[in-house]
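Notes follow the structure.
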There are 2 protein chains.
Amino acid sequence: MNKIDIIIVDDHQLFSTALHSLIGKFEDFNVIKVLNDGAEVVDYFKNGNPVPEIILMDIQMPIMNGIEATIWLKKNQPKIKVLALSMECDEATILAMLRAGAKGYLLKDIHPMVLKHAIHELHNVGFYYTENVTNTLLKSHAEDLNTNTIVLKDRELEFLKLTCTEMTYKQIAEKMFLSPKTVENYREALFEKLEAKTRIGLVLYAIKNKIVIL
Amino acid sequence: MNKIDIIIVDDHQLFSTALHSLIGKFEDFNVIKVLNDGAEVVDYFKNGNPVPEIILMDIQMPIMNGIEATIWLKKNQPKIKVLALSMECDEATILAMLRAGAKGYLLKDIHPMVLKHAIHELHNVGFYYTENVTNTLLKSHAEDLNTNTIVLKDRELEFLKLTCTEMTYKQIAEKMFLSPKTVENYREALFEKLEAKTRIGLVLYAIKNKIVIL
DNA sequence: AATGCTTAGGGGATATTTCCCCTTTATTTT
DNA sequence: AAAATAAAGGGGAAATATCCCCTAAGCATT
């Protein structure tokens, strides 16, 4: 039987190391890489490295957070199944992560056997939600989880993050190595996509969907 | 021995009623009023009603949330000790509530005797923090909790909330029955107080400090 | 009576945001 | 090969936001 290839993404070295050795003990899993930030995920795949079946993804990470990284994966590596592994149990974060495309959501303090089971379910069935998460979904009326097919492009995401800053568009343009007029186009595109009327609307969207985390 | 006067503020009728009858069983407490929203708290005291020693304050409420209400109380009824009673256990909310001036923070699923004990501690010692909250405080380096003495005035708070909206200042002025120029002054005052450079800065502050809840 | 604080309002200038319409070049899809 | 799409850039105008400095009435403190 083939092993399931896994990548671990977590900025907390202690945790990712522990997880690595833990998963190593399960004979049917194979950790092919440990990455420390969402940004490293993007680099990893842009460089054409081996594609895993499953990614165990932390959420809070310094450069690119797990939600952004999952959004990127949805677009660029749609076959990979992302299992969110997080400390946060609040509804907003769970919803944001699932909207981003995660196929499962576990809290970090679960029993190892639950993790093992979750990975298998993800691999065989395609998703795995704990009771906790299911409840959250039901509570939130599961509105637009699947309806909401808003997919932001890389540069749009980058722009959106900078928009949640006290930078002017001119400054954002410099930071993105673009002309102010191009940044202007990103702004207009996002106004449409996210149904915003002003820059404030973009900021609210980004925060609600945890594209920026305060 | 004198009873301790208490006001309950919670929009969830079922809960506040249950709480009322529960506290009624403790002979040393006296619930003098049950209110259903932060806004009712403000009205209550503006009308010169009896002042309690302790307020049990919910956080999520439809019109004015518990954090705003506590900020208002800090300024207008500083002797009242606010005990937050909430479902949220995330760091940001706890910190925001304590910054707002709450003297204690309990989760709603605690044992009644813990609540009783907490109220007594609040009354006698002046504060009561569960281990949970203490941990959160230590983790967050307890930076500016006491240093941060930013007190927003009523109208400033009102303005700030509207600022987190896709309304222009002109529209905000209309809604507040002020001239655009006066709103302009509020903006400038808040820029200084909150160390913001742009309107985005105000929005970020309001969200971080849970003055608006997304 | 004088001082200070709060609340409300204003003038005038500059920078930024927002809107609408248009071009080019490369890549992807059909 | 033709058509659609993504990514980058632009002109010009109107609406908003930001800055700095100033006035006046009301109220509380000293």
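As the structure is a computational prediction, the values presented were derived from the model and not from experiment. Chain identifiers are assigned alphabetically (A, B, ...) following the order of the sequence lines, protein sequences preceding nucleic acid strands; residue numbering begins at 1 within each chain.
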Report task. Check whether any side-chain N or O of K153(A) sits under 4.0 Å from OP1 or OP2 of dA7(D), and answer yes or no. Result -> yes
Report task. Mark yes or no: R199(A) above the aromatic ring of Y169(A), with NZ or CZ under 6.0 Å from the six-membered ring centre and no more than 45 degrees from the axis. Result -> yes
Report task. Might you confirm whether atom NZ of K33(B) has over 12 heavy atoms from other residues, nucleotides or ligands at distances under 6.0 Å? Result -> no
Query raised in the report: Taking CD from E192(B) and C1' from dC21(D), how many angstroms apart are they, rounded to a whole number?
Result: 14 Å
Query raised in the report: Just checking F177(A): base, sugar-phosphate only, or nothing, at a heavy-atom cut-off of under 4.0 Å?
Result: nothing
**Report entry** Whole angstrom value for the distance that separates C1' of dT7(C) from CG of D154(B)
**Finding:** 12 Å
Query raised in the report: Nearest nucleotide by nearest heavy atom, which residue falls closer to the 5' end of DNA chain D, P180(A) or A196(B)?
Result: P180(A)
Query - Between dA8(D) (C1') and E174(A) (CD): distance, integer Å - result: 17 Å
Query raised in the report: Think Y186(A) has a side-chain N or O under 4.0 angstrom from the OP1 or OP2 of dA7(D)?
Result: no
Report task. Taking only the side-chain heavy atoms of R199(A) (C-beta and beyond), determine which of dT18(C), dT16(D), dT18(D) contains the nearest atom. Result -> dT18(C)
Query raised in the report: Among R187(A), K161(A), K193(A), which residue meets the side chain to side chain donor-acceptor pair (under 3.5 Å) test with E156(A)?
Result: K193(A)
Report task. Determine, stepwise, if the pair N36(B) / D11(B) fulfils side chain to side chain donor-acceptor pair (under 3.5 Å). Result -> CA-CA 4 Å; N36(B) 302 301; D11(B) 63 314; over 6 Å; no
Requested in this report: Give the nucleotide from the list dG9(D), dA8(C), dG12(C) with an atom nearest to the side chain of K181(B).
Outcome: dG12(C)
Report task. Check the distance between dT16(D)'s P and L202(B)'s CG and give it to me in whole angstrom. Result -> 18 Å
**Report entry** Separation of dT16(C) P from E166(A) CD (nearest whole Å)
**Finding:** 14 Å
**Report entry** Distance test, side-chain N/O of T182(A) to OP1/OP2 of dG9(D), below 4.0 Å
**Finding:** yes
Requested in this report: Measure centre to centre between the rings of Y128(B) and H120(B), then say whether the value is under 6.0 Å.
Outcome: no
Query raised in the report: From the list dT18(D), dT17(C), dC19(C), which nucleotide is the closest neighbour of the side chain of Y169(A)?
Result: dT17(C)
Report task. For residues I80(B) and F45(B), determine if any side-chain heavy atom of one lies less than 4.5 Å from a side-chain heavy atom of the other. Result -> yes
Query raised in the report: Which listed nucleotide (dG12(D), dC21(D), dT18(D)) is nearest to the side chain of T198(B)?
Result: dT18(D)
Query raised in the report: Over how many whole Å does the gap from R155(B) atom CZ to dG26(D) atom P extend?
Result: 18 Å
Query raised in the report: In terms of side-chain heavy atoms of N185(A), which of dA8(D), dG10(C), dT18(D) is nearest?
Result: dA8(D)
Query raised in the report: Within the structure shown, what part of the strands sits under 4.0 Å from R187(B) by heavy-atom distance: base, sugar-phosphate, or nothing?
Result: base
Query raised in the report: So what does S179(B) hit on the nucleic acid, given a heavy-atom distance under 4.0 Å: a base, only sugar-phosphate, or nothing?
Result: sugar-phosphate
Query - Length of the line joining K75(B):NZ and dC5(C):P, which is rounded to integer Å - result: 14 Å
Query raised in the report: Atom CD1 of I200(B) and atom C1' of dA15(C): how far apart are they, to the nearest Å?
Result: 15 Å
Query raised in the report: Which of the following nucleotides, dA8(C), dT17(C), dC19(C), is nearest to the side chain of E188(A)?
Result: dC19(C)
